[in-house]
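Lettering of chains follows the sequences in order, A, B, ..., and the numbering in each one begins at 1.
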Amino acid sequence: MAEPSDPNAPWVNPAGMITVAITAALFIFFARYLPVVPVEGAVPFVWDWIPSLDIRMSFWLDGLSLMFALLITGIGALVMLYAARYLAGHPQYNRFALYLFSFMLSMLGLVLADNLITLFVFWELTTFTSYLLIGFSHTDPKSRRNALQALLLTAAGGLALLAGFILIGITQGTFELSQLNAAGTMAEHPAYLGILILVLIGAFTKSAQVPLHFWLPNAMAAPTPVSAYLHSATMVKAGVYLLARMHPSLSGSDVWVWVLTLFGATTAVFASFMAVRQTDLKQTLAYTTLMALGTLVLFLAGSTGYAITAAMTFLLVHSLYKAGLFLVIGIVDHETGTRDANVLGGLARAMPITAAAAALSGLAMAGIPPFLGFIAKEVAYAGALEMALTVFVVVMAFAAFALMFAVALIVAWKPFFGPQGDLPRTPHEGPWAMVLGPATLAVLGLLFGLMPGVAAYYLIEPAVAAVMGAPDTGGRLKLWAGFNLPLLLSLLTFAAGYLLYRFHLDLRERLARIEARAPDLDAGWDRLLDAFVAFAKGQTRVIQTGVLRHYMFATFAVLAVAMLATMLLRPVGGVSLAFDGIGFMEWGIAALIAAGTVLVILTSSRIAALVGLGVVGIGVALIFIVYSAPDVAITQLLVELLVVVLLAVALLKMPYLDAGNRQTHRPFDAALAVLVGGLTAWVLLRVTDAPFDRRLTDFFEGASWTEAFGRNIVNVILVDFRTLDTFGEIAVVIVAALGAFALLKGGLKRGPEGETAPHAEKERKE
Amino acid sequence: MISWLLVMPIAIPFATAVIAWLARMGPAGRWISLFGSVLSLVASLALLMAVLENGVVAAQMSNWDAPFGITLVADYLGVVMVVITAITGLATAIYALGEIPERMEKLGYHALFQTLIAGVTGAFLTGDLFNLYVWFEVMLISSFGLLVLGGSREQLDAGIKYVALNLVSTLVFLSGIGLLYGMTGTLNMADLRGAVAAVENQGLVTVVAMMFLVGFGVKAAVFPLFFWLPASYHTPSFAVSAVFAGLLTKVGVYAMMRMFTLVFTGDIGFTHELLIWVSLLTMFTGVVGAAAQMDFRKILSFHIISQIGYMTLGLALYTPLALMGGVFYLVHHIIVKANLFLVSGMANKLAGSTDLNRIGGLYKSSPFLAVLFVVPAFSLAGFPPLSGFWAKYLIVKASIELEMWFVAFVSLLVGLLTIYSMTKIWGMAFWKPHPDGIEPTPDRVPASVRLPMMIPIVGLAVMTVVIGFFPEPFVQFARVSAEQLLDPGAYVTAVLGEGAAAPAEPAAATDAEPVTEPASETGGQP
Amino acid sequence: MEALTALIVGLLVAGSVYLMLARSFMRFLFGLILLSNAANLVIFASGRMTPGAPALVPYGADAPAGVVGNALPQALVLTAIVIGFGLLAFTLALAFEAYRRLRTMDTDKMRLAEPKEDGK
Amino acid sequence: MNSIIFTAGARILVALLFVFSLFMLLRGHHLPGGGFIGGLLGAVAFIVYSLACGPAEAKAALRASPEGIAMVGLGIALLAGLVSFVFGDPLFTGQWYWVGGDSYETSIFSINSVLVFDIGVYLVVLGGILSLAFAFEEET
């Protein structure tokens, strides 16, 4: 991956520093609510956005959103600072800073929004900004492909979510989360299952639950600061946030418990194995993120105090250590030029601060006392024991935590304290702007562990209260909870984890072999897109053939079918042919027109066709003459004359009608032609069969002379009663003349093949 | 005064066309055209004010009362279409300053362009069915001329298909008018509402309604009548294709909305139900068709079809919310789609082609253009908070309210597939490096060409963003439009006068009493 | 006479549809001419047909005496004829220019805007 | 077709036809005729002329470009409608001025916008069709 990192490039530039400053300021702004929220519960902000659609830009700052807001802005500021140094000298750094900042704001909006539609707006904004971030190395096809994959998958989930939200709005009568949650669970509502499924699709795609997980490791194409940010506090946690946010209104049914438990547990264990399988440390971390998401979903399945507390505590812990570790890996990559777990080792001497940060984060991840990670694990086991499907949950959690222990050693211990590796570059300590982030986060993980009461009071308990939809009793976070079953499970986890680490190389090989045989969802994605494009091309081949005849046939066929079907489905009455009063002359005219028509159809001689057309035209004119329309008849005759003259002039320069492609036999065309003709005749018969309302004509006849001073009623209609028609009509004549003139006179200078390319032609000669 | 407010948006482009044509040999022609477009916009905004004040306004041309003369009428839907036409017209008139070569100007580009605008505007304002046909023809013949202007071989081929299919639809429409007149004896659309309801043989009315549906369906490019559109829209100059993309199909949709809310409402269970399926297939086949294309403008062309489906769906669902969504969609899509075609023209100028395989590098070298592509493209795909999101939101919500799950599903799915196509353009034209190693920086085009081309792109993008961020007034407007469509009482009253809003009595000879005032100011009875 | 006109219209429509489905664009044009005539007759017949009484107000009278031919459809047909002529003339010019440049009248061979290899 | 007799005959025929076309235009308000028919007849006259003497001479006899004639015609037709604005009437309202009287019966003749409009129609039809015809003749 080409991530330029010129150590001498100036990295303190306005774009970077402004975004860092604003984000830090936001962090302070939210931090000031830390003492407020535990006391007051929630702080709303409302702006009426689209009142007529019941969509308000309303925000709601309670324990849950406050915790997220702090993580987003706090980690955001550190990551942005880190990125300024990491991407120093990159020609598109300014864009990067802008995207990262926009992403931060979108995420902030998402976690603060109270109105579901507002929430959705921000939800999609995070999808879009993360698309730009993942595709940041846009010249790399893989990067583009992965960005698109992430976009399409999360957008697909987003659309399901939108449907779910709309359904909630329609069935519950409000889009405000605060009202929905206050009303309690909607599990009794008939639309509940539909809503739940739609919302879960949205949340699961965004939070990469198995089997929709594969986009997440691919999103690693993004530069490291993005990974750190996306995978720690934010984007992928949006789904978890949503589940937590809607817990009071959506939980409370067996479906909720089962689905979340199964998907969460499967994701957690699967991802843990995959994490061990990887050799690229960034990939390893990506899969541990997946594990964390699975775990969070798993515990959100529960509704007891311990389960929710476990979810919230683990959320906090994970955000801190995962961001830290990603940043550490970035430094390692930056300094050594590799992220390969098999190569890296013994870096502690060269980069002691980074190593210390990595160690602290790793210990938190492994869940060693006295880190907050340990407490999280204890609470998690306590929660698991309270949940439905107890044995399953405990076993899965145990497996996941044990594997996590091993991964922590692989990521945070081995590269720094393991045997010296053969590195592409001689490592040095990272620059302070990059080290600050991981160090701060690592220390926080330790501090919270030492003072669990602080974290519990200000962050976790308000969040738990928000998720539970009821005030939290608290007091669950303790570094030492006495000898109990969770402690025993913790000790067993350490033992199992250590064993796994000892044999992880062996395990990795086995996993690689299994993986080779398992279906590859990522490749399946490509096949899906290929199949879609193939389908599209097939459809285009069938519909958009490029052949006028086919288009024409389809158009007439649609007309015929539409009319015929209507006639069959709706009563239109039968046909009665009344030929009384039709004399010899009329039949003669009809025969003339018929003869002309047949001649045009059958002949392949240009002259004969012209004659046929002329005969038809004269026949029609005769009808007009006989039936009291002299103006129309004269016009018809003159126009017919002009048409024949123009046709004659043009036809003589053109090939014979059927030069080279005489189609003698076209039964389908003939059948369609007869059908359309017959239908038209039938409808006209039925229409003229009924009595006629002459009130417009009567008016014209009465007013033509008395009010418009003209005795030729037809002409008066043309130039007075309906002048606008006539005006439009002469406009058509003139535009037709202009168009034809431009066509005939304005073509390119033509030789047989001497065409210039059209767009070269279009350059204006200035 | 109202009368002239209604006339001006039609008369100004005609007058501009005449003057611009007479001045076509010099550079004055393009400035006249531009000035005329500005005037048109001013006039249509004045009309908008009048409509906002009065609800529906109508005026009798030649001073003969409806239904005898021709009525011009503007309700909320009509006037917003006029305004948006003027905006699109102005945008492309500015764009043309940069794009259209002198050779095409001398052949009468500006006159054809202005008559096109006049025809479109006339179609939106007329309250008379036959007059609607006339405006359709004005629009059509102008579009024929513009489509083949420049005369490349592709344009001729495209022109053949475009002309052939549109002429057929026109004649179907014309025959439909004749038959409807034969059944009711009237042509005034407000008058037709009552007269059609009074026809005894309602089955026959539905058959004729089918002819209108097919005729308008070709114009609107719905499934399976859209062939002419992907066959032609990628061939003319970019300014022309932008106007076409923005306006032409919308006239078909508008006519459909008008006729199938005002006149053909007798058998909704049949006509509108049918239209739901047509709409869904239109949405789906359009978006799938786009996936097979690798040309900037061909992709956009298929997306026009796809989006048309949403608009007709709004009509087909026939609830206030759905129609509101349809109207919102109509307006939003004109802005967005015209803009995308304008962007494609700029991309062509910078990178040398519209074939996505042959261009690239625009993101790196022309970031400003990249932003200006993203805004309409993601608006089209329905990303919040851009205008397209609200349009889609309304349609989806309407279908969910009706518990039409499949309709909602298709609407959402098509949105997703739209993202696919838009990101394809983004990935290939913007992110991917140029295959020839060219850096398509903006200064590859002289400022005298670049500026006029960029100004409308920026303007339309700003509108997209504004509608997206502050949709409330637009939503309100769409709501009133939908209400007026669903309950045309105000429309009918405005056209026919008080007391006519109730369904007209069945045909009776006594109706022929002239209710018009004679043109007494100047003449009087002899 | 409306009944006979309806039959004539049916014949014209059938003939024109058949012609328009042919490969030669010239035949399409012929079909177009016939279809225009048919559409005009539809309008004319829809207004009902009255023989031998042109819609004129006699000198000295304020209105025509007795039933005269329906003037409105006549005016519409007149408009439609002229419009149809304009469209036809343009289409003919297009056909001519297309032949001159593409060297064919066979619409099956006009595949420049939608070439066969075009993503298909 | 360049025989002297045909050419000479054509000139006379054309002149007659042209005069007849004007006649048809003017009588149109009361008897069959009007701008369309007049314009078509006028166009036929010049087409006959151009067939006899070639389009160049026919154009010369016309003294103006046919497109220009048509455009001016459109302008005249539009003005005939816009003039109602001055009288406070809607577009295209017929405006009548009686010369030598105050009504149809008492006046000698009338100047009215309706006829002006019809003249516009005449010019558009004449110019438009001639433009088409000449373009075809010259290019084919």
Side-chain angles (χ1 to χ4, degrees), chain A residues 50 52-53 121 124 128 138-139 144 148 155-156 159 163 166-167 170 533 536-537 539-540 544 548 551 554-555 558-559 562-563 566-567 570-572 683 686-687 692-693 695-696 698-699 703 706-707 720-725 728-729 731-732 735-736 738-739 742-743 746-748 758 762 764, chain B residues 61-62 64 68-70 101 107-108 115 131 134-135 137-138 141-142 144-145 148-149 151-152 161 164-165 168 179 182-183 185-186 203-204 206-207 210 214 224-225 227 230 288-289 291-292 383-385 397 400-401 408 412 416 419 423 427 431 433 471-472 475-476 507 511-512 514 518 525:
Chain A
I50 319 171
S52 56
L53 294 178
V121 170
E124 293 288 81
F128 175 68
H138 57 89
T139 50
R144 295 200 296 270
L148 179 62
L159 292 173
I166 292 175
L167 203 52
I170 292 172
V533 172
K537 289 185 174 169
Q539 183 205 282
T540 308
Q544 202 70 26
L548 179 62
Y551 300 165
T555 305
V558 168
L559 177 66
M563 289 173 71
T566 314
M567 287 181 186
R570 291 288 181 269
V572 288
V683 174
R686 291 297 302 150
V687 167
F692 181 66
D693 180 355
R695 67 201 155 103
L696 263 61
D698 290 341
F699 170 80
T706 54
E707 292 176 46
D720 201 337
F721 292 120
R722 296 181 66 89
T723 328
L724 204 55
D725 277 351
E729 174 195 354
V732 172
V735 175
L738 291 185
L743 246 184
L748 308 174
K762 282 175 193 155
R764 178 190 283 280
Chain B
M61 293 302 102
S62 308
W64 300 103
F68 307 111
I70 290 172
L107 290 171
T115 48
N131 198 234
V134 172
W135 294 126
E137 299 304 284
V138 172
I141 189 74
S142 311
F144 288 174
V148 296
L149 200 61
S152 79
K161 287 162 190 164
L165 290 160
V168 169
L179 293 168
M183 281 191 279
T186 185
L204 202 58
T206 311
V207 177
M210 284 297 135
V214 171
L225 303 165
F227 315 106
V288 170
F383 255 72
K397 189 173 183 202
I400 291 181
E401 269 185 358
L412 292 169
L416 183 66
I419 301 175
T423 49
W431 267 357
E472 175 64 15
V475 169
Q476 290 279 12
D511 274 8
Q525 307 239 342

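Residue B:Val207 touches chain A through both its backbone and its side chain, counting heavy-atom pairs closer than 4.5 Å. Only the side chain of B:Leu149 comes within less than 4.5 Å of a heavy atom in chain A; its backbone stays farther off. B:Phe144 does not touch chain A: none of its heavy atoms, backbone or side chain, sits under 4.5 Å away. Looking at B:Ala408, neither its backbone nor its side chain comes within 4.5 Å of chain A, counting heavy atoms on both sides. Proximity to chain B (any heavy atom under 4.5 Å) is shown, for A:Glu124, by both the backbone and the side chain. Both the backbone and the side chain of B:Thr423 come within contact range of chain A, each with at least one heavy atom under 4.5 Å from a heavy atom of that chain. For a residue to count as touching a neighbouring chain, one of its non-hydrogen atoms must lie under 4.5 Å from one of that chain's; by this rule B:Val214 touches chain A with the side chain only. Of the atoms belonging to A:Ile170, it is side-chain heavy atoms, and not backbone ones, that fall under 4.5 Å from chain B. B:Leu165 touches chain A through backbone and side chain together, each having a heavy atom under 4.5 Å away. Contacts between A:Leu724 and chain B at a heavy-atom distance below 4.5 Å involve backbone atoms as well as side-chain atoms.
Comparing A:Val533, A:Thr723, A:Leu738, A:Leu167 by heavy-atom pairs within less than 4.5 Å of chain B, the highest count is held by A:Leu738. Across A:Ala156, A:Ala554, A:Ala703, A:Gly739, the residue that shares the most heavy-atom pairs under 4.5 angstrom with chain B is A:Ala156. Heavy-atom pairs under 4.5 Å with chain B were tallied for A:Glu729, A:Arg722, A:Met563; the largest tally goes to A:Arg722. Looking only at heavy-atom pairs under 4.5 Å with chain B, the residue among A:Leu148, A:Val732, A:Val683 that has the most is A:Val732.
Nearest heavy atoms, B:Gly289 versus A:Gln539: N-NE2, 3.8 Å. Contact between B:Glu472 and A:Ser52 at its shortest, heavy atoms only, is OE1-OG, 3.1 Å. Residues B:Val138 and B:Thr115 come closest through the heavy atom pair CG1-O, 3.6 Å. For the residue pair A:Arg144 and B:Pro433, the shortest heavy atom distance occurs at NH1-CD, 3.9 Å. B:Phe227 approaches A:Gln544 most closely through the heavy-atom pair O-NE2, 2.7 Å. Here the shortest heavy-atom pairing between A:Val558 and B:Pro224 reads CG2-CG, 3.5 Å.
In this structure, B:Trp431 and A:His138 have parallel ring planes: the angle between them is below the 30° cut-off, well short of the 60° mark.
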Please report the C-alpha distance between A:Phe721 and B:Ile70 in whole Å, then the side-chain angles of each, then the deciding distance to 0.1 Å, and finally whether the side chain to side chain contact (heavy atoms under 4.5 Å, CB included) criterion is met. CA-CA 8 Å; A:Phe721 292 120; B:Ile70 290 172; over 6 Å; no

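With hydrogens and angles ignored, the 3.5 Å screen pairs a side-chain donor or acceptor of A:Arg686 with a backbone N or O of A:Val572.
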